[in-house]
S.K.: 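Can you keep this structure in mind? I'll have questions shortly.
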2 protein chains.
Amino acid sequence: MTLLENTAISADAGMEDRSLAIREALRNAIIDRRLAPGTKLSEAEVGSLFDVSRTVARAALQMLTFEGLVKTERNRGAFVSNPSPEEARQIFASRRLIEPGIVAAAIERITPADIARFRAQLDEEARHMNERGPTARRAEIKASGDFHLMLASAAGNVILEKFMDELVARSSLVIALYGRSGASSCGHSEHTAVLDALEKGDADRAAALMVHHIDHIEADLDLQHREGRGLRDALTLV
Amino acid sequence: MTLLENTAISADAGMEDRSLAIREALRNAIIDRRLAPGTKLSEAEVGSLFDVSRTVARAALQMLTFEGLVKTERNRGAFVSNPSPEEARQIFASRRLIEPGIVAAAIERITPADIARFRAQLDEEARHMNERGPTARRAEIKASGDFHLMLASAAGNVILEKFMDELVARSSLVIALYGRSGASSCGHSEHTAVLDALEKGDADRAAALMVHHIDHIEADLDLQHREGRGLRDALTLV
DNA sequence: CACCTCGACATTGCATACAATTTGACCACA
DNA sequence: TGTGGTCAAATTGTATGCAATGTCGAGGTG
């Protein structure tokens, strides 16, 4: 848990608010899998880790609860979310619905400069792919998600961008829980394929490739068992 | 502002939390247009209206901020959101993207019992349409939104349902600001058309009708002027 | 008369204190 | 041994106090 420190809270100007910074740090820790699903996030502990009062720690946890990364039980506390297979399916169903639209919108607005930034992002992905070790793997997962977020940003719709922010983060959690292989590696080539189609202005193809990509990610999950939940998340809390 | 009282806080069992109840009350007040865009929502005032401390009032406002119904400025306070025309377009673009998918998903799962409930809901809409007065108009707007929310619920995807919750609420705000006529009236027949297609299992037609419906709503807006914002929301704060 | 400065007031940001609730352990007892 | 009950520790829910920040008007000055 002390790993959180390295995601330094930039006291730099501009950080709107300390609870926002804490939210970011926790968010990164969760999607990086440094915080396992089910981990308890007590207000006091979070507060002392970041050297703030419970009030602001609580605000950060509330935000995370809102985006589904954390589940809060009344009078019991906040826990890193432990999505069920059903939730996982719904997350990917949502992405299948939204992302093709984002690709289509992005095609209309994208500039050569954007394309260049995308290429740089893909290089970053590739770089992490060739490295070994858990740190590189985490960086790879993050970079892979960032590709989708950049796309959302390029689409120029802040609402869809926010939705994708949530969906990508929750996807990371799901992959952490149900991921079978290092399938993110095969994701890389699919990203480049999408970008190629995007650059050529081939909207239909880009959208189709994106759906295919999402299908791929989901297909790599093992969503069979563990359906028996219900009695306080069925022991999986550990 | 005292109108809020009538949206009684059901102290009934189950209401998870007082801040949730306050959020609901404020949400309803906003989408009902009892609270105009730009209205300041001070923590102290909200707290005293609902007879809670600033702490819980603040939590409610934070939730509303997260779903975009309220905009919070640091050290200044919370205001009922005053969406720009651009935001309005993005809201409807998001709906055009998501709602056809919801319709498609709903077709797969809908039961005759659901259909019956939809019919009842449409009757409710019609009833309010035939009444006069601002109260009836508010009820009509709310009922119209509820149709879309029921559809989202029928689709069986809680994530999309949450997204729609936000989008419908924000749409109400936009319509309040930019709505030209009582166009919600023509919306009713379109709702029935969608439902008919849905009942027949005609997915393509239902989705097409839904897109058409959303286009209609947006076409009734006047999104031309008022683009010149920026200096602290250009006086519209009043 | 316009403009700038300064200071009182109001409101938010945050920390802390207290109350309510849950949890787990210990102990009595069948 | 297992069952149930009571109590103590820990944690969350809420209220409140203080500091920081922004607002607005009064008064002085060019």
Side-chain angles (χ1 to χ4, degrees), chain A residues 1 9-26 35 38-66 70-81 231-238, chain B residues 1 9-26 35 38-66 69-81 230-238:
Chain A
M1 180 83 85
I9 301 183
S10 56
D12 303 356
M15 191 54 92
E16 183 170 328
D17 179 2
R18 277 189 288 174
S19 60
L20 259 186
I22 294 176
R23 169 193 170 216
E24 272 310 300
L26 288 179
L35 286 174
T39 305
K40 167 146 193 176
L41 302 172
S42 100
E43 299 177 355
E45 194 173 357
V46 171
S48 74
L49 269 173
F50 292 96
D51 212 45
V52 295
S53 78
R54 275 180 53 216
T55 306
V56 37
R58 190 185 178 80
L61 291 174
Q62 195 192 344
M63 292 192 260
L64 291 167
T65 299
F66 242 81
V70 157
K71 278 222 173 348
T72 302
E73 296 178 41
R74 167 135 186 140
N75 279 320
R76 274 188 29 85
F79 304 83
V80 177
S81 194
L231 90 143
R232 193 160 273 161
D233 271 352
L235 331 174
T236 58
L237 274 191
V238 183
Chain B
M1 181 81 86
I9 301 184
S10 56
D12 304 357
M15 191 54 92
E16 183 170 331
D17 178 3
R18 277 190 286 175
S19 60
L20 258 187
I22 295 176
R23 169 193 169 215
E24 272 310 301
L26 288 178
L35 285 174
T39 306
K40 166 145 193 177
L41 302 172
S42 99
E43 298 176 356
E45 194 173 356
V46 171
S48 74
L49 269 173
F50 291 96
D51 213 45
V52 295
S53 76
R54 277 179 49 216
T55 306
V56 36
R58 189 185 179 82
L61 291 174
Q62 195 191 343
M63 291 192 260
L64 291 167
T65 299
F66 242 81
L69 292 183
V70 158
K71 277 219 175 345
T72 302
E73 297 177 40
R74 168 133 186 141
N75 280 321
R76 275 190 25 87
F79 304 83
V80 177
S81 196
L231 91 142
R232 191 157 278 160
D233 272 350
L235 331 175
T236 57
L237 275 191
V238 183

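Residue numbering restarts at 1 for every chain, and letters A, B, ... go by the order of the sequence lines.
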S.K.: For Q62(A), enumerate each residue passing the side-chain hydrogen bond (donor to acceptor under 3.5 Å, both in side chains) test, keeping only those at least two apart in sequence or located in another chain.
M.R.: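 Counting only residues at least two positions away or on another chain, Q62(A) forms no side-chain hydrogen bond (donor to acceptor under 3.5 Å, both in side chains).
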S.K.: Checking T65(B) now: which residues fulfil side-chain hydrogen bond (donor to acceptor under 3.5 Å, both in side chains) with it, not counting sequence neighbours?
M.R.: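 Partners of T65(B) under the side-chain hydrogen bond (donor to acceptor under 3.5 Å, both in side chains) test: T72(B).
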S.K.: What string of B, S and - do you get for nucleotides 9-15 of chain C 5' to 3' if you count protein non-hydrogen atoms under 4.0 Å?
M.R.: --SBBBB
S.K.: Ignoring hydrogens, what is the shortest heavy-atom contact between L41(A) and L61(A)? Give both atom names and the distance.
M.R.: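 Distance-wise, the nearest heavy atoms are O-CD1, 3.7 Å.
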S.K.: Between R76(A) and K40(A), what is the shortest heavy-atom contact and its length?
M.R.: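 That would be O-NZ, 2.8 Å.
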S.K.: Testing the basics here: between R18(B) and V56(B), what is the closest heavy-atom pair and its distance to 0.1 Å?
M.R.: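 Result for this residue pair: C-CG2, 4.1 Å.
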